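Keep in mind the model is a prediction, meaning the values are calculated, not measured.
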There are 2 protein chains.
Amino acid sequence: MKNVVSDCSIESIMRVLSGRWPTLLLYYLKDGTKRFNELRRDNPTVSHRMLALELRKLEAAGIISRIDHDGYPRRVDYGLTEAGRRLVPLIDALGNWWEEVEAERGAAPPLSQVA
Amino acid sequence: MKNVVSDCSIESIMRVLSGRWPTLLLYYLKDGTKRFNELRRDNPTVSHRMLALELRKLEAAGIISRIDHDGYPRRVDYGLTEAGRRLVPLIDALGNWWEEVEAERGAAPPLSQVA
DNA sequence: CCGTATCCAAAGTGATACTG
DNA sequence: CAGTATCACTTTGGATACGG
């Protein structure tokens, strides 16, 4: 395990993961595939346009898979790729880290830091 | 360890970590404190204005510490808080995950996926 | 149902100049 | 040196409409 922040791979990751939707989509897809409009319902505040854009970005990054069952009416299933599934626990770790930070923020500061 | 993506704590994290600079600053500060203009030199493409804004955002989030040695000329040292130091390995994990993904992208796909 | 293009408002960002 | 304010410009994102 190298320290990878050093190479600027971290920059390309953040280009993909930055923003409000990528991590949320990860969450909504972690238990199986969903259709486009199911994802919209899970997330009432995302616009049609943004959902499409974000899905394509994540697909291009290899995180999300897309299966188009040609037919009419059209049906497309989105899911996580293997890489996407490996990403979920890392995002979870961030969530746990943040909860700790907030707990500490709420807790009384150590005596040494009280003026 | 809960699945924290579920509560929307992940949304507030990403509000802080999203974008080009937060993770890079994390990297440049991981080995000790730096002054404002040192950070600018580390990162020649960040503007004066953006660096100031990002530093304040990260400070407010409890990730970065700021020590102002009142004097003239002014001197301010930025560093990671305890919370910030605990964050570094999580970002590193993302970096490692991404490198794997890219390696797989480069590698020949499994036979089952070849048309 | 899913996807894309267009149009327009809003947020983000850099350059610059100024202060303590 | 570090920080803030202003302004012009660029980018982003929602609404909408239309196509397959």
Side-chain angles (χ1 to χ4, degrees), chain A residues 8 11-26 28-29 32-81 84, chain B residues 8 10-26 28-29 32-61 63-81 84:
Chain A
C8 299
E11 281 199 72
S12 37
I13 305 164
M14 291 313 291
R15 268 196 292 274
V16 175
L17 260 37
S18 280
R20 188 174 176 185
W21 308 118
T23 50
L24 283 180
L25 292 178
L26 217 62
Y28 285 120
L29 290 176
T33 67
K34 295 231 174 140
R35 302 179 59 173
F36 187 86
N37 282 325
E38 288 184 283
L39 289 170
R40 286 206 71 187
R41 277 189 291 276
D42 286 339
N43 231 310
T45 59
V46 71
S47 70
H48 187 119
R49 179 176 174 276
M50 279 309 290
L51 182 56
L53 288 176
E54 294 290 301
L55 285 171
R56 256 157 273 319
K57 182 175 70 174
L58 293 170
E59 187 192 359
I63 295 172
I64 275 185
S65 64
R66 178 178 181 279
I67 300 171
D68 191 337
H69 314 269
D70 310 300
Y72 200 87
R74 194 172 190 171
R75 178 195 179 95
V76 180
D77 285 325
Y78 291 96
L80 296 186
T81 60
Chain B
C8 298
I10 194 62
E11 282 200 71
S12 37
I13 305 164
M14 291 313 291
R15 268 196 292 274
V16 175
L17 260 36
S18 280
R20 188 174 176 185
W21 309 119
T23 50
L24 282 180
L25 291 178
L26 216 62
Y28 286 120
L29 290 176
T33 67
K34 296 234 174 134
R35 301 179 59 172
F36 188 87
N37 281 325
E38 288 184 282
L39 289 170
R40 285 206 73 186
R41 277 188 292 274
D42 286 338
N43 230 310
T45 58
V46 70
S47 70
H48 188 119
R49 179 177 174 275
M50 279 309 291
L51 181 56
L53 289 176
E54 295 289 301
L55 284 171
R56 258 157 272 318
K57 181 175 72 174
L58 292 169
E59 188 193 359
I63 293 171
I64 276 185
S65 65
R66 178 178 180 280
I67 300 172
D68 191 336
H69 314 269
D70 309 301
Y72 201 87
R74 193 172 191 172
R75 178 194 180 93
V76 180
D77 286 325
Y78 290 96
L80 295 186
T81 60

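The shortest side-chain heavy-atom distance between A/His69 and A/Asp77 falls under the 4.5 Å cut-off. A heavy-atom distance below 4.5 Å is not found between the side chains of B/Ser65 and B/Leu80. Side-chain contact between A/Arg15 and A/Ile13: absent, with no pair of heavy atoms (C-beta onward) separated by less than 4.5 Å. Taking 4.5 Å as the limit, every side-chain heavy atom of A/Leu24 sits out of range of all side-chain heavy atoms of A/Val46.
Contact between A/Gly79 and A/Thr33 at its shortest, heavy atoms only, is CA-CG2, 4.1 Å. When all heavy atoms are compared, the tightest approach of B/Leu17 to A/Met14 is O-CE, 3.2 Å. Taking every heavy atom of both residues into account, B/Leu51 and B/Phe36 meet most closely at CD2-O, 3.6 Å.
Among the protein residues, A/Arg20 comes within range of no part of the nucleic acid, since none of its heavy atoms lies under 4.0 Å from any strand.
One can place CG of B/Leu53 at 11 Å from P of D/dG3, the figure rounded to the nearest angstrom. Between the NZ atom of A/Lys57 and the P atom of D/dT12 there is a distance of 10 Å, rounded to whole Å. Between the P atom of D/dA2 and the CZ atom of B/Arg56 lies a distance of 11 Å, rounded to the nearest Å. The nearest whole Å value for the distance from the CZ atom in A/Arg49 to the P atom in D/dC18 is 18 Å. We find that OH of B/Tyr72 is positioned 12 Å from P of D/dA2, with the value rounded to whole Å. As rounded to whole Å, 11 Å separates atom P of D/dC1 from atom NE2 of B/His48. Between the CD atom of A/Glu54 and the C1' atom of D/dT12 there is a distance of 11 Å, given to the nearest Å. Separating the CZ atom of A/Arg74 from the C1' atom of D/dG19 is a distance of 10 Å, rounded to the nearest angstrom.
When the local axes at the two ends of the helix from C/dC1-D/dG20 to C/dG20-D/dC1 are compared, using 5 base pairs at each end, they differ in direction by 40° after rounding to 10°.
Judged by distance alone, with hydrogens and angles left aside, the side-chain atoms of B/Ser18 form a donor-acceptor pair with the main-chain N or O of A/Gly19 at under 3.5 Å. Listed for the B/Thr81 side chain is a donor-acceptor partner under 3.5 Å among the backbone atoms of B/Ile63. The main-chain N or O of A/Leu55 is never found under 3.5 Å from a side-chain atom of A/Tyr78 such that the two would form a donor-acceptor pair.
Of the residues in residues 32-47 of chain B, B/Arg35, B/Phe36, B/Asn37 come within less than 4.0 Å of DNA chain D through at least one heavy atom, sorted by number.
Here chain A contacts DNA chain C (any atom closer than 4.0 Å to a heavy atom, that is under 4.0 Å), and the contacts span C/dC1 to C/dT6 from 5' to 3'.
Considering only side-chain N and O atoms, B/Tyr78 lies under 4.0 angstrom from the phosphate OP1 or OP2 of D/dG3.
We find the CD-CZ distance between A/Glu38 and A/Arg35 to be 7.0 Å, quoted to the nearest 0.5 Å.
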